[in-house]
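Accompanying notes for the structure given below.
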Amino acid sequence: MPELPEVETIRRTLSKKVQGKTIRCVEILLPRLIKWPSAPEFQAVVTHKTVKNLARRGKYLLFYLSEGQVMVVHLRMTGRLYYRTPDMARDRFTHLVFTFENGDELLYADTRTLGTLYVMPEGELWRISGLSQMGPEPLSAEFTLSYLQTILAKRKGKIKSLLLNQNLIGGLGNIYVDESLALAGIHPERAANSLTDEETKNLFQAINQVIQAGIDHGGTTFRDYRNGEGKSGDHQRHLRVYGRKNQLCAICGSKIERTEVGGRGTHYCPHCQH
DNA sequence: CTTCACGCCTGTCAGC
DNA sequence: TGCTGACAGGCGTGAA
């Protein structure tokens, strides 16, 4: 479900609510979502810890807890985190319930149950390879034009697949990759190393612009995504190509096409993207 | 090392 | 109405 803008929006909406709160107990209704350590150990470690800070890296959320522990959550396709007071309805697909000392709850809900949770001391985060091997993310100081040029230079795979590789760039997913390529005027099946300097520069700017817009609009809601307050995002109203098959391109009026690239649904304007 | 197909899960929707 | 197949915002694994 969520990509960088959605996870960042969840972080912002949840942060002020969970910070400083102490976890009284944890109910684990679907233990297989816990990837490290075992579910009983996870429960034991998290219980009675205080949330110090809520951070994000790519699409991972990191709850920094007291005693140097970090709870890591990846929402994958349909994971959702809700903060709620006891009077509010519980999501039908709730699999974990964290109850705070004041009675409020943090719910982890997930329709397809592909999400993953971990808890470990900060010094052991290297265990999560997707986190420790993640490339620089858009809008960060490490994500520069020369970095993008370097990773494109020797790769002959499709540009779309490269942009989805979290080890190269962290945080981009299917929506924002399609949108970035549309804004840059680049066809998703172009070989990465075939981009000109001008196209690479346009792509660099497009990625940052699209991610910033996604954050500014509080994320994109197609179906499942909600922020930490259970509210939908707004960026779906600003999409150029994603989910717009057979609708008209706002620039040239051509019909947006949908194909498959690297096994992922892919949307582009056949007239504007080369 | 890069690239690709596949599996993991469950729900929704279009088409027949 | 009921059924079937395609599709879904992600990523780890194993094979070529």
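Predicted model, so just to flag it, every value in this text is computed and none were measured. In the text below, chain A, chain B and the rest are named by the order of the sequence lines, each starting its count at 1.
- When heavy atoms are screened at a 4.0 angstrom cut-off, A/Lys156 is found touching the sugar-phosphate backbone but no base atom.
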How far apart are the C-alpha atoms of A/Leu107 and A/Arg80, what are their side-chain angles, what is the distance that settles it, and do they pass the side-chain contact (heavy atoms from CB on, under 4.5 Å) test? CA-CA 8 Å; A/Leu107 306 185; A/Arg80 303 178 296 279; over 6 Å; no
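- Hydrophobic clustering (side-chain heavy atoms under 4.5 Å, transitive across Ile, Leu, Val, Met, Phe, Trp, Tyr) keeps A/Val97 apart from A/Leu75.
- With sequence neighbours excluded, the residues that form a ring-ring contact (aromatic ring centres under 6.0 Å, His included) with A/Phe204 are A/Phe143.
- Counted by atom type alone, A/Arg32 and A/Thr113 present one or more donor-acceptor pairs between their side chains at under 3.5 Å.
- Between A/Ile175 atom CD1 and C/dC7 atom C1' the separation is 14 Å, expressed in whole Å.
- Put simply, A/Lys59 has a side-chain N or O that comes within less than 4.0 Å of OP1 or OP2 on C/dC11.
- A/Arg264 places its CZ atom 16 Å from the C1' atom of B/dT3, with the value rounded to the nearest Å.
- There is no path of hydrophobic side-chain contacts, each under 4.5 Å, that joins A/Tyr64 to A/Val51.
- With rounding to whole Å, A/Arg155 atom CZ is found 11 Å from B/dC1 atom P.
- For the P atom pair drawn from C/dG14 and B/dC9, the interatomic distance equals 16 Å after rounding to whole Å.
- For A/Arg92, a side-chain nitrogen or oxygen approaches OP1 or OP2 of B/dG11 to under 4.0 Å.
- No more than 12 heavy-atom neighbours from other residues, nucleotides or ligands sit within 6.0 angstrom of NE2 on A/His271.
- Between B/dC6 and C/dC7, the two P atoms lie 14 Å apart (nearest whole Å).
- Taking atom CD on A/Gln236 and atom P on C/dA8, their separation rounds to 17 Å, with Å as the unit.
- One finds the CD1 atom of A/Ile215 at 9.5 Å from the CD atom of A/Glu6 (value rounded to the nearest 0.5 Å).
- Using a 4.0 Å cutoff on non-hydrogen atoms, the parts of residues 210-223 of chain A near DNA chain C are A/Thr220, A/Phe222, A/Arg223, ordered by number.
- Stem list for DNA chain B (at least 3 consecutive Watson-Crick or G-U pairs, distances under 3.5 Å): B:2-8 with C:10-16, B:10-16 with C:2-8.
- Using a 4.0 Å heavy-atom criterion, one finds that A/Phe93 contacts the sugar-phosphate atoms exclusively.
- Side chain of A/Arg258, nearest nucleotide from B/dT3, C/dC7, C/dG9: C/dC7.
- For A/His74 and C/dG10, the shortest distance from a side-chain N or O to OP1 or OP2 is not below 4.0 Å.
- Residues satisfying the side chain to side chain donor-acceptor pair (under 3.5 Å) test with A/Thr259, not counting sequence neighbours, are none.
- Straight-line distance from the CH2 atom of A/Trp36 to the C1' atom of C/dG12: 16 Å, rounded to whole Å.
- With sequence neighbours excluded, no residue forms a ring-ring contact (aromatic ring centres under 6.0 Å, His included) with A/Phe98.
- If you measure from atom NZ of A/Lys160 to atom C1' of C/dC11, you get 15 Å, rounded to the nearest angstrom.
- The separation between A/Leu168 atom CG and C/dC11 atom P is 13 Å, rounded to whole Å.
- Within 4.0 Å of A/Gly263, counting heavy atoms only, lies no atom of the nucleic acid at all.
- Among the heavy atoms of the strands, none lies under 4.0 Å from A/Lys154.
- An OP1 or OP2 oxygen of C/dG10 is reached within less than 4.0 angstrom by no side-chain nitrogen or oxygen of A/Gln166.
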All N/O contacts under 3.5 Å from nucleotides 7-9 of chain B to the protein, with atom names and distances to one decimal?
residue	atom	partner	partner atom	Å
B/dC9	O2	A/Arg112	NE	2.9
B/dC9	N3	A/Arg112	NH2	3.2

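- Ring orientation note: the planes of A/His74 and A/Tyr60 are nearly perpendicular, at an angle over 60° on the 30°/60° scale.
- Note: CZ (A/Arg80) to P (C/dG10) measures 16 Å, nearest angstrom.
- For C/dG9, one of the phosphate oxygens OP1 or OP2 lies less than 4.0 angstrom from a side-chain nitrogen or oxygen of A/Tyr242.
- Within a 6.0 Å radius of CD1 in A/Ile251, other residues, nucleotides and ligands contribute 12 heavy atoms or fewer.
- Applying the 6.0 Å contact sphere to NZ of A/Lys201 captures no more than 12 heavy atoms from other residues, nucleotides or ligands.
- Proximity of the aromatic rings of A/Tyr176 and A/His235 is defined here by a centroid distance below 6.0 angstrom, and this criterion is met.
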